[in-house]
Q: 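Mind looking over this structure? Questions follow.
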Amino acid sequence: MSLNKKDLFKRIPKVDELLKGERFKRLLKAHTRHTLVEAVRTVLAELREKIDALEPAAVSLDWFTPEAIFLHVEMELSRRAAYHFRRVINATGVVIHTNLGRSLLAGPVLEHMVRVAESYSNLEYDLTEGKRGIRYVHAKRLLCDLTGAEEALVVNNNAGAVLIALNSLAAGKEAVVSRGELVEIGGSFRIPDVMAWSGAVLREVGTTNKTHLFDYERAIGENTGLLLKVHTSNFRLIGFVEQVPGAAVSDLAHRNGLPAMEDLGSGNFIDFRTLGLPSEPTVQEALKQGMDVVTFSGDKLLGGPQAGVILGKKKYIEPIQKNPLNRALRIDKLTLAGLEATLRFYEDPVEAVRQIPTLRMITQSPENLKRKARSLRRRLARDVTEGFQFAVVPSTSRVGGGALPEEALPTYCVAVTPTKLSETELEKHLREADPPVIARVEEGRVLLDVRTLLAKDSADLIRVFSEISHAS
Ligand SMILES: *Cc1c(COP(=O)(O)O)cnc(C)c1O
């Protein structure tokens, strides 16, 4: 008997009929009728989609039985009971992975956040004076001490920091930027667009590959508001190129009575060269070069919670703090607690690298990574005996977050070659596992980069691979 699609659709059971079954009635003890009906509808909709997508001959009538549907409804109910926003295992090796939550917070940072969240706090209360205080003071002293800045302000994220700084200092005036620095960072953050929203008028100078000091000089006039430099983050100009150093730009600004601002993107406090890594501009350097306002993210190389940090001269930070936009971009109390706790590690840079997960992951030695990969491979091979071959292979990982974009960090991966599945099927099974495992597919295998794996991930990985091995 050959059924066409129409016949198949007709065979899909009705919701009411299904719910009369004993099995389904039992589910009503643990779930409301509404939840159960929604779950059944979802499962039937999926069945409909499957019939639609397949040749009728590829559709099995076993899928239509109340037993089969019941199993899917149970799975759907447990999916609905689980958190939608949850932990995943990052096996990509990209440390500051924007889609996977960027920086992880250190244990002591979380403890401080919990302490502040579960009690009342002095968020906006001055304990010395016994009256209303301001929330920005909590991170201010550390930020200024660590960087040499005169004043500090923190907002919701760095996009907000750039927006409010430009709006406060250059609305209705021209902000002068090199054409080589008019970048798009991703997630729709484009310097020209942010500039437009801030009310500042973009004044592009130079060419795509070369900008000289005289380009800035010629652009300065009656209506200039500030000179802006932007870290090109995820992109590098190479070859016949030239940009004007920050010190020369800020010097020119000051000679004309203007502020100079730099958006550092992934601002960091530690000179990466001292860690055997290529140089990334530090926040301290930008300030030393005479930048009046410097902005950067809290959750990129700094390794803290999502925040936008604005540092610089009091004269320019004060109008930013008073801008009504500041209320709209206000940093929340948990973030402030997390930021202060993260910043405290930087009082001792060795401690910062040891404690802050982002820095620890970036600076792991290849020997250490090799040891980690070998240990994971050994455990996987011992406990998952069927369906996969595991091998340790050298590879490269990336920092992410627009930092060190050219740099491939040497790493080691456990390469998984599936024997019963395709590598893309395996990738999908991993992604749909609990916890989901996000991994790279490369040349017929799935790579698990140990750089971004946490200690607690190994046991879960072994369980997930065992489950996939039994199911396939
Ligand atoms: C990442 C980045 C931003 C945006 O920072 P968020 O913290 O994501 O808002 C802005 N400018 C530069 C140069 C960046 O690299």
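All values below were derived from every heavy atom in this structure, side-chain atoms included, with hydrogens, water molecules and symmetry-related copies excluded. Here the structure is a predicted model, which is why all the values come from computation and not from measurement. We count ligands from 1, going down the list as the structure has it; atoms in each ligand are counted the same way.
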Q: Test salt bridge (Lys or Arg N to Asp or Glu O under 4.0 Å) on Arg190 and Glu184 and set out the steps.
A: CA-CA 4 Å; Arg190 295 170 140 197; Glu184 170 173 320; 2.4 Å; yes
Q: Under the salt bridge (Lys or Arg N to Asp or Glu O under 4.0 Å) rule, what do Asp215 and Arg179 come out as? Steps first, then yes or no, please.
A: CA-CA 10 Å; Asp215 291 316; Arg179 287 203 166 87; over 6 Å; no
Q: By ring-ring contact (aromatic ring centres under 6.0 Å, His included), which residues pair with His254, not counting sequence neighbours?
A: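 Here no residue qualifies.
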Q: Excluding sequence neighbours, so at least two apart, what forms side chain to side chain contact (heavy atoms under 4.5 Å, CB included) with Thr42?
A: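 In terms of side chain to side chain contact (heavy atoms under 4.5 Å, CB included), with neighbours along the sequence ignored, Thr42 is linked to Glu46, Glu76, Arg80.
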Q: Applying a heavy-atom distance cut-off of 4.0 Å, which protein residues contact ligand 1?
A: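 The answer is Arg102, Asn157, Asn158, Ala159, Ile185, Phe189, His231, Ser233, Asp263, Gly265, Ser297, Lys300, counting any residue whose heavy atom sits under 4.0 Å from ligand 1.
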Q: Decide if atom NE2 of His72 counts as having more than 12 heavy atoms of other residues, nucleotides or ligands within a radius under 6.0 Å.
A: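 No, NE2 of His72 has 12 or fewer neighbouring heavy atoms, counting only those of other groups under 6.0 Å.
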Q: List in chain and number order the residues that pass ring-ring contact (aromatic ring centres under 6.0 Å, His included) with Phe465, two or more places apart in sequence or in another chain; answer none if no residue qualifies.
A: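 By the ring-ring contact (aromatic ring centres under 6.0 Å, His included) rule, Phe465 matches Phe388, Phe390.
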